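Have a look at the structure below before the remarks.
Quick caveat: nothing in here was measured; it's all calculated off a predicted structure. To find a chain, count down the sequence lines: A is the first, B the second, and so on, and within it residues start at 1.
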Amino acid sequence: MIESSLKTLSRSLAEKKISSVELTRAYLDRIDAHNAEVNAYITVDAEASLAQAKAADVRISKGDTGPLTGIPVAHKDIWCAKGWRTTCGSRMLENFRAPYDAHVIERFNDAGAVILGKTNMDEFAMGSSNETSWFGAAKNPWDPTRVTGGSSGGSAAAVAAALAPAATGTDTGGSIRQPAALCGISGLKPTYGLVSRYGMIAFASSLDQGGPLARSAEDLALLLDVMVSFDERDSTSLKRPEEDYSRLLDAPLSGLRIGLPKEYFGEGISSDVRAAIEAAIDEYRKLGASTVEVGLPASELSVPAYYVIAPAEASSNLSRFDGVRYGFRAEGYSDLLDMYCKTRAQGFGAEVKRRILIGTYVLSHGYYDAYYLQAQRIRRLIARDFAQAFEQCDVIMGPTSPSTAFGIGARVSDPVQMYLSDIFTIAANLAGLPGMSIPCGTDGAGLPVGLQIIGNYFSEARMLNVAHLYQKQTDWHARKSPVAAS
Amino acid sequence: MSLSLDDVKRVAMLARIEVTDAESAQILDQLGGVFGLIEKMQAVDTTGIEPMAHAQDLVARLRPDAVTESDQHDLFQSVAPAVEDGLYLVPRVIE
Amino acid sequence: MDWEIVIGLETHAQLSTRSKIFSGASTAFGAPPNTQACAVDIALPGVLPVLNIGAVDKAIRFGIAVGANINRRSVFARKNYFYPDLPKGYQISQYEIPVVEGGQVTIQAGGAEKIIHLTRAHLEEDAGKSLHEDFHGMTGIDLNRAGTPLLEIVSEPDMRSAEEAVEYAKALHALVRWIDICDGSMQEGSFRCDANVSVRKKGSDQLGTRREIKNLNSFRFLQQAIEYEAGWQIEQLEDGQQIQQATVLFDPDSGQTRLMRTKEDAHDYRYFPDPDLLPLEIDDAWLERTREAMPELPAARSHRYQTELGLSGQDTVLLVSDRDTADFFEATLAEVAGGDRPAAAKLTANWINGELAAALNRAEVELAACPVSAPALAGLISRVIDKTLSSKLAKDVFDGLWKGEGSADEIIDRRGLRQISDSGAIEKLVDEVIAANERQVADYLGGKQKAFNSLVGQIMKASKGKANPAQVNEILKQKLDSR
């Protein structure tokens, strides 16, 4: 049961072969037994989860069911969920009980899903390894001495360790795709604007986008049906015709044109990763797809541009954490200024502070044009590159991450090295394009490799189709991590 | 563009983050590397390129002028560090 | 040495929307602390702003009223600074591209008209309030006001005296109320001014270093603060000192300005476009709709009153000083019966600018709360026109109207104030007075003009003041001369 797809679970629930309470309890038991190995969850509240499960069972008994009714879902601790401690991985919000629900949480609640817990993450989603969490690093279920990737590391670890059937995450520069790749699961960052940001604690507003993490593309489609919805409370939320993201899953791939950016296969990518990606692309050729080389010349500037834009927005977004209305307030201050400075010095961790300082600097008097405006102009060049590439192809493929999961602690002292972990994922955020990662192999040590698929705006259904047919043909996504198998 | 220790302290004050001298030196060192990365942008000629502030080139959607919120200050203040008589308390502000 | 004072004003007008500029919380004044501060206003983690169409609409109205350029695309930026009444740590404000640019306001200065040019007017959100009463040495923060829409109206440094600055502020105050975008309550802080003041030697075309006086919430304080500040600056310069750019506060108790405690970083606001808000676009149709919905502006009304009704410039200045007065004037005039229009208009203007204004002043009430309605006043004026009332009696009737004693006609009847214009009745009175005053009649006939006035006085007294004086004069003269 623990390994079943969402579709199977949904059918079992509808046919009353299992109750939501039983299913939820089974996962809670596994969390009890194994969370210590991976540190995937920050907060578990069995009572709250089981109450929701009970309510779901009532709905099911009345025949009032949807595809996710009664299914437990783990949520990245970045989403406000009313009554739930919502920490964003930070000491600043260690004891913050959200007084309202994020739009995404409302959608899951309305669908009858059960909140299974709040998952670990890099502090304020700033990190690529989950090591910046105030609650300790999440550990990779394939090798607990290695990172999960980040920032949605807890969500990826929870799914990969079978401590949740599915999870939500958010992706500002790769924070869904990169941990999905490193933990051997599937994850999707939708087109910017499809998933409401209301109630998602902001990192970089013009880049942040919520999305699902799960074991398969098929599962992602069901989650996306719930997560994508117009929300008038988010000015950047898009009003689109309602979609059924499963509708194209089995469409044939013949005629699919895959763009391969030469920039994604250059130096810096490990040979194991390259081999796995190339093998996956061969598989696609067998499925009837053709490949074409495309150029994304400006994308080599995506990391520099991102590390101006994201910190700039973050420096401002995080100003509200001042110890006045909620969250941490330091003790032993002499006056207001001192209260601010101590609260923010003690409430934020080193990486968050570093990014706030970078962002404050690039926006400060005299530097704005050279940094912020220049980064925004490069952002446009990057988006134009993609527009041109998509004239030649339907999807773009390449590695999600240049390497497989690295050791915990290996990159913490070198921010530049850490920032380059996201070199292939950032461009999609800058352009606002949808991107996903699916498992496509392992390295010599048996660690998962992720294949990144970047689609044109609003082409999520097609991307899920591309991923699903690959997953029908291969079993990388079905392989179990040691923790999941235990 | 090279960052100085004074820059770090100035920016930390702007951001209201207390840093000790030792921390400043360490931050300076790390930011030096990050700005080395960022500086690569300066090599690109972006003359005539319109800055891109948002992921989509769309315009604002407006909401009607209607009151939709009701008083929830008890709930909101249940998570506040210091309140009295419905007010948030902070160290004395002198203008 | 001769000095010239140079003043520019930044005026914050709270826009009279029902809800806040970026949230659905109420903007009503005076609620208990933080009961109108919703999740967005207190900047809970994860909340987002959505722009209120009503605030934009009012900004457009202002732009049209001052003949400004309405930018078809404007941008909201974040102004970053830390202050406990600023919950997000930044204020959302238009910076590089405001909604309104240019425009002008005409003021009366030294008996002549003067044009004050506007730089811009932009939309932004108000901050909360810090309450400095003692909470065990702490300050209390009320965020009810946070997020109230503001239009910041920035003038060019076109004013040359405190009086001109006050005239400009009053004209602006009248205008924002006229076009119904701000309630203008200075006491509640709906309309407040910052004054940028500098001085320079007369004849110089260089601007001196300015100091900004913050948060002036009455015309009197505005005048006092500028006068003090300019005097202080002149004194400094004459002492050989230099002026440092600074922000100062006006203390009404001492009548002096003093330096605000500002951090050295206060002016590095790190503006950048708010990524949560997309650019504001105003299309032709919206502009056209707004233009059509605009009320007739004061200048247009003033012109119409002068050309169509023959009123003097002096009369119209008072009538168009605010829209309530002008509307009241028109509503009254529409109900006044008899007389030709220019005469009726003149009489109506006199009543509104005279007796009515004085009564409102005495009672310290606004026209909106005036106990005398426009139709009631028109009833009174109609009785003056048809000579039922002398101007003296009319004042008594007005008094009755003010006290709520009914319509003019009811009061006239009840108090028996109807003017006696019946020549038969007047003749009778005249005959009686002539009969009783043979000596004065003889005096008059003997050439003493004074005796005539004395007789008129007695006739009026006998009529209890109700006889039509013109008729009394005429009939008395006739009777005496025919002797």
- Task: Considering only heavy atoms and a distance below 4.5 Å, find which of B:His54, B:Glu50, B:Lys40 pairs most often with chain A.
- Result: B:Glu50
- Do side-chain atoms of A:Gln346 reach the backbone of A:Glu331 as a donor and acceptor pair under 3.5 angstrom? no
- Any side-chain heavy atom of A:Leu381 sitting closer than 4.5 Å to one from A:Arg377? no
- Cut-off 4.5 Å, heavy atoms of chain B, and the answer for A:Asp234 is backbone
- Message: Quick check on side-chain contact (heavy atoms from CB on, under 4.5 Å): which of B:Ile17, B:Val11, B:Val8, B:Leu5 does B:Ile27 satisfy it with?
- Response: B:Val8
- Query: Is chain B contacted by the side chain of A:Ser364, its backbone, both, or neither, given a heavy-atom distance below 4.5 Å?
  - Reply: side chain
- Note on the structure: Turns out that what part of A:Tyr192 lies under 4.5 Å from chain B's heavy atoms comes down to both
- Of the backbone (N, CA, C, O) and the side chain (C-beta and beyond), which part of B:Leu58 lies under 4.5 Å from a heavy atom of chain A, both, or neither? side chain
- Examine whether an atom of A:Leu420 lies under 4.5 Å from a heavy atom of chain B, and if so say whether it belongs to the side chain, the backbone or both; otherwise answer neither. side chain
- Output for pair (A:Ser128 OG, A:Glu351 CD), nearest 0.5 Å, gives 8.0 Å
- Ring geometry between A:Phe321 and A:Phe124 (parallel below 30°, tilted from 30 to 60°, perpendicular above 60°): tilted
- Message: Quick check for you: among A:Met339, A:Glu232, A:Lys239, which has the greatest number of heavy-atom pairs under 4.5 Å with chain B?
- Response: A:Glu232
- Note on the structure: From the list A:Gly432, A:Ser315, A:Cys341, the residue making the most non-hydrogen contacts under 4.5 Å with chain B is A:Cys341
- Query: Which residue out of A:Asp338, A:Val362, A:Val324 racks up the most heavy-atom pairs below 4.5 Å with chain B?
  - Reply: A:Val324
- Message: Below 4.5 Å, heavy-atom pairs only: which of A:Ala98, A:Ser316, A:Ser237 has the largest tally toward chain B?
- Response: A:Ser237
- Qualifying residue, where the test is side-chain hydrogen bond (donor to acceptor under 3.5 Å, both in side chains) with A:Asn429 and the options are A:Asp422, A:Asp171, A:Thr172: A:Asp171
- Against chain B, label A:Thr343 side chain, backbone, both or neither, depending on which of its atoms sit under 4.5 Å from a heavy atom there. neither
- Task: Would you mind listing every salt bridge (charged side-chain N to carboxylate O under 4.0 Å, His left out) that reaches into residues 313-328 of chain A, with sequence neighbours excluded?
- Result: A:Asp322-A:Arg325
- Message: So for A:Tyr306, is it side chain, backbone, both, or neither that comes closer than 4.5 Å to the heavy atoms of chain B?
- Response: neither
- Most contact-rich option vs chain B, by heavy-atom pairs under 4.5 angstrom, among A:Gly193, A:Gly359, A:Ala370, A:Ser319, is A:Ala370
- Residue pair A:Leu238 / B:Gln56, side-chain heavy-atom distance below 4.5 Å: yes
- Contact class of A:Ala375 relative to chain B, heavy atoms under 4.5 angstrom: both
- Query: With respect to chain B, which residue among A:Leu430, A:Leu373, A:Ile358 yields the maximal number of heavy-atom pairs within a distance under 4.5 Å?
  - Reply: A:Ile358
- Does A:Arg233 make a cation-pi contact with A:Tyr198 (under 6.0 Å, within 45 degrees of the axis)? yes
- Query: Taking B:Glu23 for the side chain and B:Thr20 for the main chain, is one N or O donor matched with an acceptor at less than 3.5 Å?
  - Reply: yes
- Should A:Phe203 and A:Arg355 count as side-chain neighbours, where that means a heavy-atom distance under 4.5 Å? yes
- Under a 4.5 Å heavy-atom cut-off, does chain A meet the side chain of B:Ala60, its backbone, both or neither? neither
- Task: Decide, yes or no, whether a salt bridge links A:Asp231 with A:Arg197 under the criterion of side-chain N to carboxylate O below 4.0 Å.
- Result: no
- Query: Based on non-hydrogen pairs under 4.5 Å, which of B:Ala80, B:Pro51, B:Ala55 is most in contact with chain A?
  - Reply: B:Pro51
- So which part of B:Leu62 gets closer than 4.5 Å to some heavy atom of chain A, the side chain, the backbone, both or neither? neither
- Query: Contact part of B:Asp57 toward chain A, heavy-atom cut-off under 4.5 Å: side chain, backbone, both or neither?
  - Reply: side chain
- Toward chain B, the part of A:Tyr419 with a non-hydrogen atom under 4.5 Å: side chain
- Heavy-atom distance under 4.5 Å to chain A: side chain of B:Ile38, backbone, both or neither? both
- Do we see a donor-acceptor contact under 3.5 Å between the side chains of B:Glu39 and A:Tyr371? yes
